[in-house]
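Shown next, in structure tokens, is the structure this report addresses.
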Amino acid sequence: MAIKVWDYLNEYENEKHEIHSAIEKVLTSGRLVLGDSVKNFEKAFAGYCSVKFGIGVNSGTDALFLGLKALGIGAGDEVITVANTAVPTVSAIVSTGATPRFVDIDPETYLMDTALLEGAINKKTKCILPVHLYGQCVNMEDVNRVAAANGLKVIEDSAQSHGSLHNGKKAGSMSDLAAFSFYPTKVLGGYGDGGMVVTDNEGMNQKLRRLRFYGMEQTYYAEEHGYNSRLDELHAEILLRKLAHLDKYIARRREIALKYDRLLANTGLTLPITVPGNEHIYYLYVCSHPGRDEIISKLRAKDIFVNISYKWPIHIMPAYTHLGYRAGDLPNTEQAANEIFSLPMYPSLTNDEQEKVIVELLEILKDIDKI
């Protein structure tokens with residue numbers, strides 16, 4: 001049997017009764033859009049993140065886009081972020097009419113290098129968008145200090161960090177607002193698209209509820225220009241059931257990561273580093289090696305499949321050449337893109353499967369590194 005970098009089938013089998021019960025509840029409720037399931041999940045997830053409000057939308061991308069719109073970001077504005085991220089981070093910025101301004105990453109953690117923020121600010125800068133990448137948080141004290149000193153808004157891209165902490169604070173609770181994704185691969189994932197914006201600000205809460213529903217507060221009457229972006233009742237109810245398991249999912253991910261750490265130490269691999277003060281939830285287990293492509297090819301020959309997040313930095317993608325960046329502008333980002341890869345990581349990965357990954361990887365590394 002092939003070992004995938006991510007798989008949901010065993011997890012689904014274990015939770016099938018709860019999932020089917022959630023579906024049955026919604027389908028027999030008489031309400032399929034913006035009903036009690038959405039309200040209950042919004043309240044529960046906001047509480048989990050230690051904030052007051054959650055606004056369910058139809059994807060993590062829309063959570064970012066609508067969050068930026070709610071903060072007043074638009075044409076002529078610049079938003080500081082990173083190029084070592086999923087395309088939706090940048091797509092959301094561009095879709096508002098604003099322009100991304102990239103800073104490089106820390107070469108050891110792959111997170112935003114916050115020491116570069118001050119130098120990236122100009123008169124057009126309106127917002128900083130840190131990405132809590134791979135399951136751990138950016139240094140938000142630095143981000144918020146720079147933002148406060150320059151009158152900037154902050155929105156956390158928390159799509160990969162459900163439940164992670166930075167100095168005791170939950171991801172999503174350290175900014176004006178934060179965006180989460182419930183895409184199937186996420187630590188808290190559904191069976192399709194879904195997202196949420198979380199915030200402590202009552203005004204932002206009300207504005208986001210309008211923006212996700214055509215700008216309406218009452219049916220067929222638009223208070224402002226809005227969009228159609230609603231988390232559906234089915235996914236809300238499923239996610240509400242899965243939220244009760246989130247800490248268990250995280251504990252299992254940490255167990256898998258600890259085993260990788262222990263058995264892959266003292267090899268040619270560079271293993272993940274957890275920043276002091278962070279509690280990593282290991283959305284991905286990202287390591288690096290100069291012979292990455294050869295390693296991946298040899299693992300594939302053994303029916304072991306890994307992933308690269310992300311192989312192509314966004315600043316050199318054809319879709320974003322208009323931003324004016326060139327290869328060499330973000331050296332740490334570009335170096336990482338050539339060497340990083342993610343080992344299989346999901347709660348239902350079995351001990352036997354993980355051990356096979358480790359054994360085969362050690363053999364490959366022994367050959368490549370001549371150790």
Side-chain angles (χ1 to χ4, degrees), residues 1-22 41 44-45 47-50 60 109-110 132-137 158-166 168 170-172 180-191 194 235 238-265 269 271-275 277-287 299 303-307 309 340-362:
M1 291 287 291
I3 300 174
K4 301 177 183 178
V5 70
W6 173 80
D7 186 53
Y8 73 93
L9 291 174
N10 288 337
E11 179 183 289
Y12 168 69
E13 192 63 32
N14 292 335
E15 299 175 2
K16 183 186 294 185
H17 176 75
E18 285 184 272
I19 302 305
H20 290 192
S21 173
F41 178 57
F45 189 71
Y48 183 85
C49 295
S50 302
T109 66
Y110 314 120
H132 298 324
L133 198 68
Y134 305 147
Q136 69 172 328
C137 297
S158 303
Q160 301 185 10
S161 59
H162 313 67
S164 62
L165 287 94
H166 174 68
K170 285 278 183 73
F180 285 88
S181 169
F182 305 118
Y183 187 73
T185 61
K186 304 306 183 189
V187 181
L188 180 62
Y191 295 96
H235 267 112
I238 290 170
L239 288 163
L240 182 60
R241 310 294 178 95
K242 296 189 74 174
L243 179 60
H245 300 294
L246 180 52
D247 288 340
K248 178 184 71 176
Y249 299 154
I250 292 171
R252 174 58 180 157
R253 286 174 178 272
R254 287 176 174 153
E255 182 182 344
I256 293 168
L258 185 63
K259 190 169 186 176
Y260 280 140
D261 287 346
R262 186 175 72 253
L263 297 180
L264 295 175
L269 288 176
L271 302 179
I273 293 173
T274 300
V275 177
N278 275 356
E279 294 187 26
H280 207 312
I281 53 96
Y282 294 99
Y283 167 61
L284 298 175
Y285 188 91
V286 178
C287 46
L299 284 172
D303 270 346
I304 298 170
F305 296 88
V306 300
N307 190 39
S309 298
I340 57 176
F341 63 106
S342 308
L343 297 180
M345 170 61 75
Y346 44 97
S348 59
L349 183 72
T350 68
N351 291 334
D352 287 346
E353 287 171 332
Q354 187 184 14
E355 286 164 13
K356 179 180 178 182
V357 172
I358 292 168
V359 167
E360 298 293 355
L361 183 53
L362 287 172

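- Under the side chain to side chain donor-acceptor pair (under 3.5 Å) criterion, H280 pairs with no residue, sequence neighbours left out.
- Between I256 and Y285 the shortest side-chain heavy-atom distance does not fall below 4.5 Å.
- Not a single side-chain contact (heavy atoms from CB on, under 4.5 Å) links V359 to another residue, sequence neighbours left out.
- Note: I273 CD1 to C287 SG = 12.5 Å, rounded to the nearest 0.5 Å.
- Evaluation of the side-chain contact (heavy atoms from CB on, under 4.5 Å) rule for Y12 yields Y8, K16, I19, H20, Y191 as partners, not counting sequence neighbours.
- Between L165 atom CG and N278 atom CG the span is 8.5 Å, to the nearest 0.5 Å.
- H245 and E18 form a side-chain donor-acceptor contact under 3.5 Å, judged by distance and modelled atom types alone.
- Under the side-chain contact (heavy atoms from CB on, under 4.5 Å) criterion, S161 pairs with H132, S158, S164, A171, sequence neighbours left out.
- Not a single side chain to side chain donor-acceptor pair (under 3.5 Å) links N14 to another residue, sequence neighbours left out.
- Applying the side chain to side chain donor-acceptor pair (under 3.5 Å) criterion to Y249, with sequence neighbours excluded, gives E15.
- The side-chain contact (heavy atoms from CB on, under 4.5 Å) search around C49 returns F45, V51, F180, not counting sequence neighbours.
- Residue pairs meeting the salt bridge (Lys or Arg N to Asp or Glu O under 4.0 Å) criterion with at least one partner in residues 240-251, sequence neighbours excluded, are E11-K242, E237-R241.
- For Y48, there are no ring-ring contact (aromatic ring centres under 6.0 Å, His included) partners two or more places apart in sequence or in a different chain.
- In this structure, Y282 and R254 have side chains that are in contact, with non-hydrogen atoms separated by less than 4.5 Å.
- Partners of D7 under the side chain to side chain donor-acceptor pair (under 3.5 Å) rule, at least two apart in sequence or in another chain, do not exist in this structure.
- Under the salt bridge (Lys or Arg N to Asp or Glu O under 4.0 Å) criterion, the residue pairs touching residues 340-358 are K259-E355, with sequence neighbours excluded.
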